[in-house]
Amino acid sequence: MKTEQVVTVREACQNDLQEILKLYLFLHETTVPENNDRLKKTWNKIMEDHDHHLIVCELDGKIVSSCVCVIIPNLTRNVRSYAFVENVVTHKDYRKKGYASLCLNYAKQISETANCYKIMLLTGSKNKETLNFYKNAGYNNEDKTAFVQWLE
């Protein structure tokens with residue numbers, strides 16, 4: 001008899017830090033950061049910020065996918081905020097099963113609840129499959145041009 005797997009999408013909680021850091025190894029990180037005061041302060045700042053939403057998708061209690069959605073107050077567009085999505089990642093063993101889509105949908109719900117007028121997402125990927133994934137999730141790469149300036 002096959003047991004049904006339980007999928008949960010939610011915002012991260014205080015105890016999720018180490019599991020999220022391990023998941024980020026499938027993003028672009030090569031090591032898990034040292035567990036020091038800087039990491040703890042940053043984590044607490046994220047947890048306390050009502051406009052910073054770290055979204056996770058769990059499969060049977062294991063975090064398999066995640067994204068970040070930040071709501072940014074704005075003075076234009078009739079004083080409507082906008083949202084920025086970053087760090088979209090899924091563990092390599094759980095890709096192409098819809099978990100990242102669930103995270104992005106959750107971010108969209110947060111953005112709609114916050115009355116945002118748009119959601120922006122940047123990706124460093126040039127992989128056609130990844131770009132098509134974002135297009136299928138409702139994002140387009142035609143309306144805006146993104147520029148990045150890396151700081152040392």
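For residues 142-152, no pair satisfies salt bridge (Lys or Arg N to Asp or Glu O under 4.0 Å), with sequence neighbours left out. The list of side-chain hydrogen bond (donor to acceptor under 3.5 Å, both in side chains) pairs with a residue in residues 54-69, not counting sequence neighbours, reads R10-E58, S65-T90. The ring pair (Phe, Tyr, Trp, His ring centres under 6.0 Å) contacts involving residues 108-134 comprise nothing, where partners must be two or more places apart or lie in separate chains. Note on residues 25-44: pairs passing side-chain hydrogen bond (donor to acceptor under 3.5 Å, both in side chains), not counting sequence neighbours, are Q14-N44. Applying the salt bridge (Lys or Arg N to Asp or Glu O under 4.0 Å) test to residues at least two apart or on different chains, the pairs with a partner in residues 115-132 are K96-E129.
What you find for A83 and C116 is that their closest heavy atoms are N-SG, 3.9 Å. Nearest heavy atom pair, residue I20 against residue A12, reads CD1-CB, 3.8 Å. Considering every non-hydrogen atom in both L131 and S125, the closest pair reads CD2-O, 3.5 Å.
Rounding to the nearest 0.5 Å gives a distance of 10.5 Å between CG of N87 and OG1 of T123. Annotation: the span from N136 atom CG to S101 atom OG amounts to 8.5 Å, rounded to 0.5 Å. In this structure, the separation between CD on E19 and CG on L23 is 8.0 Å, given to the nearest 0.5 Å.
Residues satisfying the side chain to side chain contact (heavy atoms under 4.5 Å, CB included) criterion with N15, sequence neighbours excluded, are absent altogether. In this view, N115 and R80 satisfy the side chain to side chain donor-acceptor pair (under 3.5 Å) rule, not counting sequence neighbours. Judged as a side chain to side chain contact (heavy atoms under 4.5 Å, CB included), and not counting sequence neighbours, the contacts of V70 are H52, V68, I72. Partners of V148 under the side chain to side chain contact (heavy atoms under 4.5 Å, CB included) rule, at least two apart in sequence or in another chain, are L122, W150. For Y82, the ring-ring contact (aromatic ring centres under 6.0 Å, His included) test picks out no residue, with sequence neighbours left out. Contacts of K22 classified as side chain to side chain contact (heavy atoms under 4.5 Å, CB included), with partners at least two apart in sequence or in another chain: V32.
Under the 4.5 angstrom side-chain criterion for Ile, Leu, Val, Met, Phe, Trp and Tyr, the cluster partners of L59 are V7, V9, I55, V64, I71, Y94, Y99, L102, Y106, I110.
Put simply, the side chain of H50 never gets that close to the backbone of M47: no donor and acceptor are under 3.5 Å apart.
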